[in-house]
Participant: 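Here it is: the structure, laid out below.
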2 protein chains.
Amino acid sequence: MNTLAYGLLGLVARTPSSGYDLMLQLQPYWQAKHSQIYPLLAKLEQEGYMQFTRVHQTDRPDKKVYSITDKGEIALKMWLAEPTAEPVVRDELVLKAYCLQLTDEKAAHAMFRERIDHCREQAQMFEHIMKEMEQQTEGHPDHPDHPAFSDYILLSWGCRRMQEDMKWCEWVLELLQKRKKE
Amino acid sequence: MNTLAYGLLGLVARTPSSGYDLMLQLQPYWQAKHSQIYPLLAKLEQEGYMQFTRVHQTDRPDKKVYSITDKGEIALKMWLAEPTAEPVVRDELVLKAYCLQLTDEKAAHAMFRERIDHCREQAQMFEHIMKEMEQQTEGHPDHPDHPAFSDYILLSWGCRRMQEDMKWCEWVLELLQKRKKE
DNA sequence: ACACCCATGTAACCTGTTACATGATTAG
DNA sequence: CTAATCATGTAACAGGTTACATGGGTGT
């Protein structure tokens, strides 16, 4: 049982879903490809943490809809009580930033511009989902008992991260401007 | 040649260092254990990107001090011009946050408190190094031509990230307070 | 005496990515 | 007709962690 396994358990505990759907839901918060998810789901099912029902679809391929079992829910609750691992961040841009003196202004500028564009895109995506959610639920889901509460705090996390990353890049670009002027 | 390899190249390009030292320098920005670094350095040396000299020390074990070669510097500059990969973040706390409804107040509270403490510690570490740097260089290294400029922007990155993470956790804790009151 | 820091390395294992494979439906 | 989306899977490989292994010096 690794972190990804618990992440999947957490998702199916809320809403029974197919592997494909789980992959898409998880993507913004834990990068994992389908090739990692499908075998893991099979393993979790074999070991009794999940169960699945084959759902026939006419317009689309059939799918396996996984749902959590009692054993799965117990394991999930135990995981939640365990100490949390520290986050792992691996950002190539940070390593590149350390080598800024080896680049020309143009390349340095492009590097941070690209990241800013990427972050803006992602932030807008998060914001868009949040707005949709607020309309659907008719109000701000900022209360812990609101069914969409955890979705709300996760979206906020993603949005904040992107905005902070953007700010840092913009700050670096401003400092880099000084090179030209002086 | 993977990202870690370029990260190591970037470090030795600035200051020739031992594997042990590289591991420590890299830790805050790219988590890698010595067991990954040592074989990689050997490979980079064999392929001509780095060279090393064995340095004898009386009070401590001997060390291999790696420095960059011309081939290494060319490869490094080419990497800098290539498009940058998107950052990878894997944070167990985010997955746990999605399952908040399955936990009691105490566990939820502890989860975020622990993270806040961790972030504060890290942020203080970054701030401390920044202050030391400012004293050594006698002034703010916020100019791109300053030799400590890239260290400065990396430290700022680390500091900002920790502060933002803390803010998010505190925000979640505030929202969780509502559960009790109402 | 025991633990920690410095310093380097290997081996086994787990995690995650890329590529291979299939196939139906829908949108441009 | 071509590309994208939905849907599931396997195989090979790369990246990263944990454990094993060694050994001197320093601090408590």
Side-chain angles (χ1 to χ4, degrees), chain A residues 1-9 11-12 16-47 50-66 79 85-92 95, chain B residues 1-9 11-12 16-47 50-66 79 85-92 95:
Chain A
M1 291 295 288
N2 56 29
T3 309
L4 177 58
Y6 287 114
L8 292 169
L9 266 183
L11 287 177
V12 298
S17 318
S18 67
Y20 188 82
D21 202 23
L22 289 168
M23 179 191 63
L24 294 179
Q25 284 180 252
L26 209 58
Q27 212 124 39
Y29 308 108
W30 193 281
Q31 289 77 43
K33 317 281 169 176
H34 72 277
S35 54
Q36 197 182 2
I37 289 174
Y38 287 128
L40 188 51
L41 286 173
K43 197 191 137 207
L44 288 169
E45 188 267 332
Q46 272 166 34
E47 291 176 9
M50 290 180 181
Q51 57 200 17
F52 72 87
T53 47
R54 206 172 277 277
V55 172
H56 182 68
Q57 297 180 120
T58 47
D59 54 333
R60 293 174 183 186
D62 295 0
K63 62 181 176 181
K64 288 180 173 182
V65 173
Y66 287 86
W79 169 67
E86 288 168 21
V88 175
V89 179
R90 280 182 230 274
D91 190 345
E92 206 177 3
L95 299 185
Chain B
M1 292 294 288
N2 56 30
T3 308
L4 177 57
Y6 287 113
L8 292 168
L9 267 183
L11 288 176
V12 298
S17 319
S18 66
Y20 188 82
D21 202 23
L22 290 167
M23 177 191 64
L24 295 179
Q25 284 179 253
L26 207 60
Q27 212 122 40
Y29 309 107
W30 193 281
Q31 289 76 45
K33 317 283 169 175
H34 72 277
S35 55
Q36 197 182 2
I37 289 175
Y38 289 127
L40 188 52
L41 286 173
K43 197 191 138 206
L44 289 169
E45 189 269 332
Q46 274 166 34
E47 291 175 10
M50 290 181 181
Q51 56 199 17
F52 72 86
T53 48
R54 205 172 278 276
V55 172
H56 182 67
Q57 298 181 119
T58 47
D59 55 333
R60 291 173 185 187
D62 295 1
K63 61 180 176 182
K64 290 181 173 180
V65 172
Y66 287 87
W79 169 66
E86 289 167 18
V88 175
V89 179
R90 280 182 230 274
D91 190 346
E92 206 178 2
L95 299 186

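Numbers restart at 1 for each chain; the letters A, B, ... are given by sequence-line order, proteins then strands.
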Participant: Need one value for Asp62(B): base, sugar-phosphate or nothing, where a base atom within 4.0 Å counts as base even if backbone is also close, heavy atoms only.
Facilitator: sugar-phosphate
Participant: Let's test your reading of the model: under 3.5 Å, does the base of dT18(D) pair with the side chain of Ser35(B) as donor and acceptor?
Facilitator: yes
Participant: Of the nucleotides dG9(D), dT15(C), dT10(C), which has the atom closest to the Asn2(A) side chain?
Facilitator: dT15(C)
Participant: Do Leu4(A) and Leu26(A) touch side chain to side chain, with heavy atoms closer than 4.5 Å?
Facilitator: yes
Participant: Calculate the interatomic distance between Leu24(A) atom CG and dA7(D) atom C1'; express it in whole Å.
Facilitator: 11 Å
Participant: To the nearest 0.5 Å, what is the distance between CD1 on Ile37(B) and CG on Leu44(B)?
Facilitator: 11.0 Å
Participant: Tell me: NZ of Lys43(A) to P of dT10(D), nearest whole Å?
Facilitator: 14 Å
Participant: Can you tell me if Gln57(B) touches the phosphate of dA7(C), counting only side-chain N or O atoms and a distance under 4.0 Å to OP1 or OP2?
Facilitator: yes
Participant: Roughly how many Å is it from CG in Leu4(B) to P in dG16(D), rounded to a whole number?
Facilitator: 6 Å
Participant: For the pair made of CG in Leu22(B) and C1' in dC6(C), what is the distance, rounded to whole Å?
Facilitator: 14 Å
Participant: Should the ring pair Trp79(B) and Tyr6(B) be called parallel, tilted or perpendicular, given that the plane angle runs from 0 to 90° and is split at 30 and 60?
Facilitator: parallel
Participant: Just the rounded figure in Å: distance from C1' of dT10(C) to CD1 of Ile37(B).
Facilitator: 16 Å
Participant: Quick one: does Lys64(B)'s side chain get under 4.5 Å of Leu41(B)'s, heavy atoms only?
Facilitator: no
Participant: Just compare dA7(C), dG9(D), dT25(C) and give me whichever is closest to any side-chain atom of Asp59(A).
Facilitator: dT25(C)
Participant: Starting from C1' on dG15(D), measure out to CG on Leu41(B) and report it in whole angstrom.
Facilitator: 16 Å
Participant: In terms of side-chain heavy atoms of Pro39(B), which of dT10(C), dT26(D), dT8(D) is nearest?
Facilitator: dT10(C)
Participant: Look at Arg90(B) and dG16(C) and indicate whether a side-chain polar atom (N or O) is within less than 4.0 Å of OP1 or OP2.
Facilitator: yes
Participant: Look at Lys64(B) and dG9(C) and indicate whether a side-chain polar atom (N or O) is within less than 4.0 Å of OP1 or OP2.
Facilitator: yes
Participant: When we call it a touch if two heavy atoms are under 4.0 Å apart, what does Lys63(B) touch: a base, just sugar-phosphate, or nothing?
Facilitator: sugar-phosphate
Participant: With a 4.0 Å limit, can you tell me whether Tyr20(B) has a side-chain N or O closer than that to the phosphate oxygens OP1/OP2 of dT8(C)?
Facilitator: no
Participant: Report yes if the side chains of Thr53(B) and Gln51(B) come closer than 4.5 Å at any heavy-atom pair, otherwise no.
Facilitator: no
Participant: In whole angstroms, how far is the C1' atom of dC6(C) from the CE atom of Met23(B)?
Facilitator: 9 Å
Participant: How many whole angstroms separate atom NZ of Lys33(A) from atom C1' of dG9(D)?
Facilitator: 17 Å
Participant: Which sits closer to the 5' end of DNA chain D, Arg60(B) or Ala42(A), going by the nucleotide each is nearest to?
Facilitator: Ala42(A)
Participant: Looking at Gln31(B), I'd like to know whether one of its side-chain N or O atoms comes within less than 4.0 Å of OP1 or OP2 on dG16(D).
Facilitator: no
Participant: More 5' along DNA chain C: Pro61(B) or Gln36(B), using each one's nearest nucleotide?
Facilitator: Pro61(B)
Participant: So, for Glu92(B) and Thr3(A), which heavy atoms are closest and what is the spacing to 0.1 Å?
Facilitator: CG-CG2, 3.4 Å
